[in-house]
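Keep in mind that this is a model prediction, so the values were computed, not measured. Keep in mind that the numbers below use all heavy atoms, side chains included, and drop hydrogens, waters and symmetry copies.
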Amino acid sequence: MTKILVVDDDRVLRALLQFKLAAQGHDVRLAETGVEALALVASDRPDLIVMDCMMPGMDGEEALRHLKTNELTQSIPVIMLTARRGDDDAFQLLKLGAADFVSKPFNPDELVLRIRRFVDAGELQPADNSSRRVS
């Protein structure tokens with residue numbers, strides 16, 4: 001079972017993604033902000049993160065920077081959700097270390113297929129929380 005952390009300030013979107021991903025057999029955790037996401041990653045490392053770019057407080061880009069500069073979390077694939085449409089924005093996300101990005105609005109089934117691509121390709125490093133604590 002793949003452990004996925006969904007980070008978005010939109011309560012309805014979080015619930016929809018939790019429903020869709022749980023229906024595919026994933027263990028889904030939820031966070032509303034970048035700060036909350038980093039705390040959850042530290043206590044319960046996910047296999048993959050789906051994170052919104054624009055959130056109050058610590059946004060997704062800043063949280064992504066934190067994840068990718070920490071050797072214990074840099075290998076976690078992060079799929080960014082973004083309402084921005086410019087090529088420069090997409091390039092910046094990939095340059096920061098995002099594994100993929102999806103432009104909002106999006107089809108939730110498309111996101112499920114993108115996640116399945118990571119799972120099927122064996123690109124996820126299973127979380128071993130007993131020996132890999134994030135600080």
| said: Going by the rule side chain to side chain contact (heavy atoms under 4.5 Å, CB included), which residues pair with Gln24 if we only count those two or more places apart in sequence or in a different chain? | reply: His26, Val112, Arg116
| request: Can you tell me which residue pairs pass the side chain to side chain donor-acceptor pair (under 3.5 Å) test with a partner in residues 4-15, sequence neighbours excluded? | output: Asp8-Lys104
| said: Are the side chains of Arg45 and Ile76 in contact, using a 4.5 Å heavy-atom criterion? | reply: yes
| Yes or no on side chain to side chain contact (heavy atoms under 4.5 Å, CB included) for Thr2 and Phe118, after CA distance, side-chain angles and deciding distance? | CA-CA 10 Å; Thr2 304; Phe118 283 98; over 6 Å; no
| How many angstroms lie between atom CG of Leu30 and atom CG of Leu17, to the nearest 0.5 angstrom? | 9.0 Å
| Spacing of CD belonging to Glu61 relative to CE belonging to Met55, to within rounding of 0.5 Å | 10.0 Å
| request: Please identify each residue that fulfils side chain to side chain contact (heavy atoms under 4.5 Å, CB included) with Val102, with sequence neighbours left out. | output: Ile79, Leu81, Phe106, Leu111, Arg114
| request: Measure the shortest side-chain to side-chain distance between Asp59 and Met54 over non-hydrogen atoms and say whether it is less than 4.5 angstrom. | output: no
| said: Restricting to side chain to side chain contact (heavy atoms under 4.5 Å, CB included), what partner residues turn up for Ala31, sequence neighbours left out? | reply: Leu5, Val7, Glu36, Ala37, Leu40
| request: Using a 4.5 Å cut-off on heavy atoms from C-beta on, say whether the side chain of Lys68 contacts that of Val78. | output: yes
| task | Return the minimal non-hydrogen interatomic distance between Asp27 and Arg29, and the atom names on each side. | result | OD2-NH2, 2.7 Å
| task | Is it possible for you to say whether Leu96 and Leu94 belong to one hydrophobic cluster, with membership spreading through side-chain heavy-atom contacts below 4.5 Å? | result | yes
| query | Is the closest side-chain heavy-atom distance between Met80 and Leu64 below 4.5 Å? | reply | yes
| message | Looking at every non-hydrogen atom in both residues, tell me the closest pair between Leu38 and Ala63 and how far apart they are. | response | CD2-O, 4.0 Å
| remark: Output for pair (Asp47 CG, Met1 CE), nearest 0.5 Å, gives 11.0 Å
| request: Would you check if Gln74 and Leu67 make a side-chain contact, meaning some heavy-atom pair closer than 4.5 Å? | output: no
| query | Do you know the tightest heavy-atom contact between Ala99 and Pro77? | reply | CB-CB, 4.0 Å
| said: Could you walk me through whether Leu93 and Cys53 satisfy the side chain to side chain contact (heavy atoms under 4.5 Å, CB included) test, starting with their C-alpha distance in whole Å, then the side-chain angles of each, then the deciding distance to 0.1 Å, before giving a yes or no? | reply: CA-CA 9 Å; Leu93 292 173; Cys53 280; 3.6 Å; yes
| field | Side chain proximity check, Ile49 to Ile4, heavy atoms < 4.5 angstrom | value | no
| task | Any chance you could measure Thr82, atom OG1, to Gln92, atom CD, to the nearest 0.5 Å? | result | 11.5 Å
| request: With sequence neighbours left out, write down each residue that passes side chain to side chain donor-acceptor pair (under 3.5 Å) with Asp109, or none if nothing qualifies. | output: Lys20
